[in-house]
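Counting starts at 1 for both ligands and their atoms, following the listed order.
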Amino acid sequence: MNLSKGDILSLLAEGGEELFARADAVRRREKGEFVEVRALLEFSNHCRRLCRYCGLNAENRKLPRFRLDPSEIVSLSQEAARAGYRTVVLQSGEDRSYSPEAIGEMVHKIKKSGCAVTLSCGEWPREVYAHWRACGADRYLLKHETADPALYRALHPDSTLSARLRCLRDLKELGYETGGGFMVGLPGETPETLADNLLLLQTIGCDMAGIGPFLPHPDTALRDAPPGSGELTRRAVAVARLLLPRANLPATTALTVLEGDRSVFSCGANVVMKKITPGPCKKLYQIYPADFPDADIPQGRREVEAEIRSYGRTPR
Ligand code: SAM
């Protein structure tokens with residue numbers, strides 16, 4: 001559906017049950033009652049980037065760092081496939097100590113277990129994305145974070161919005177299901193930024209969009225900033241569902257941490273990511289402060305399925 005910037009600004013400002021019901025109806029029509037459950041494996045918290053909001057940023061010396069071996073990454077992914085997951089998401093900080101070939105090999109091995117593979121490993125040259133695609137990677141998540149180039153630059157002193165968008169264009173052209181997205185409530189953001197964020201998802205042609213609130217991390221430059229609003233985040237998800245009816249829209253972990261439930265499932269969302277990161281590493285993948293209970297992979301899968309059923313939806 002096409003919405004003007006003015007339409008989006010009004011929907012974000014007014015929100016309400018009508019917006020959520022509209023988005024929910026589009027979700028039901030386009031995606032049915034299924035909730036797609038993805039296994040999320042955070043395999044390294046090393047990062048060379050300086051993102052001002054992120055606890056993994058290279059300047060955070062307080063954070064103990066970890067890196068999983070490729071063989072462990074493959075065997076955890078295979079365990080997820082046996083537990084019923086149909087997609088594994090491999091996410092990390094921007095860690096150049098894994099070579100493109102090593103990541104490609106992991107993708108190739110995991111694909112043999114029948115799972116789709118989503119990568120979320122940051123910005124790499126086009127030929128690397130092409131190599132991973134040739135190894136079987138199906139999807140790539142790379143949020144654009146904010147559509148305001150000046151704010152982008154202020155929050156990422158080592159990068160630019162145009163570099164990020166170049167990556168997203170490459171991914172799309174290489175045939176990945178491409179996931180963009182952004183944070184809601186970054187310091188310096190305006191309602192116009194939020195509307196531009198939503199329109200940018202459409203311009204990129206996103207197949208997926210992760211929309212979550214900014215949550216301040218105590219060991220970052222933005223420690224004193226207030227968190228983004230859960231209500232506004234849900235409105236943004238609802239508008240994204242209107243703009244991109246067929247897209248996969250997760251109930252982001254950040255929103256679940258902020259709100260304590262997944263009510264965003266009734267605002268247009270249809271995907272959930274369940275961490276399969278081993279317990280000690282999960283605690284160290286500190287993008288923002290949060291506590292995640294320990295559960296083995298099959299138990300975690302059972303829990304998330306029960307939760308989805310409690311919302312009257314069907315896990316897949
Ligand atoms: N390195 C990869 C990348 O750049 O896409 C993936 C890992 S990165 C930590 C994953 C996402 O975490 C980012 O896209 C960002 O939106 C989110 N994130 C980081 N810090 C956050 C914060 N303080 N609050 C909410 N989300 C945050």
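- Using a 4.0 Å cut-off between a side-chain N of Lys or Arg and a carboxylate O of Asp or Glu, Arg246 and Asp207 do not qualify as a salt bridge.
- Under a 4.0 Å criterion applied to the non-hydrogen atoms of Arg164, ligand 1 contributes the atoms 3 (C), 4 (O), 5 (O).
- When the shell of 6.0 Å around NE2 of His108 is examined, it contains 12 or fewer heavy atoms from other residues, nucleotides or ligands.
- In summary, the atoms of ligand 1 found under 4.0 Å from a heavy atom of Ser120, numbered by their order in the structure, are 6 (C).
- Here the shortest heavy-atom distance to atom 15 (C) of ligand 1, taken over Arg223, His156, Glu145, Arg48, belongs to Glu145.
- Relative to atom 10 (C) of ligand 1, the option among Gln91, Gln286, Lys143 with the closest non-hydrogen atom is Gln91.
- Closest heavy-atom approach to atom 6 (C) of ligand 1 among the candidates Ser92, Gly122, Cys54, Gly210: Ser92.
- Annotation: atom 25 (C) of ligand 1 to nearest protein heavy atom, Pro213 O, 3.3 Å.
- Only the side chain of Tyr288 comes within 4.0 Å of ligand 1, judged by heavy-atom distances.
- Of the charged side-chain nitrogens involved, none lies within less than 4.0 Å of a carboxylate oxygen, so that Arg235 and Glu14 do not count as a salt-bridged pair.
- Side-chain rings of Tyr53 and Phe214 stay apart, their centers remaining 6.0 Å or farther from each other.
- Counting only heavy atoms of the protein, atom 27 (C) of ligand 1 lies nearest to Ile287 CG2, 3.4 Å.
- Scanning all protein heavy atoms for the shortest distance to atom 26 (N) of ligand 1 gives Met183 SD, 3.5 Å.
- Ring centroids of Phe182 and His144 are separated by less than 6.0 Å, placing the two rings close together.
- Of all the heavy atoms of Tyr285, the ones lying under 4.0 Å from any atom of ligand 1 belong exclusively to the side chain.
- Taking a distance limit of 4.0 Å, we find that atom 8 (S) of ligand 1 is approached by no protein heavy atom.
- Not close to ligand 1: His217, with no non-hydrogen atom less than 4.0 angstrom away.
- The CZ atom of Arg67 sits 13.5 Å away from the CG atom of Leu284 when rounded to the nearest 0.5 Å.
- Proximity of a side-chain donor or acceptor of Arg52 to a complementary backbone N or O of Leu155 within less than 3.5 Å is not detected.
- Distance from atom 23 (N) of ligand 1 to its nearest protein heavy atom, with residue and atom name: Leu215 O, 2.7 Å.
- In summary, Arg234 and Glu259 engage in a salt bridge, as defined by a charged side-chain N under 4.0 Å from a carboxylate O.
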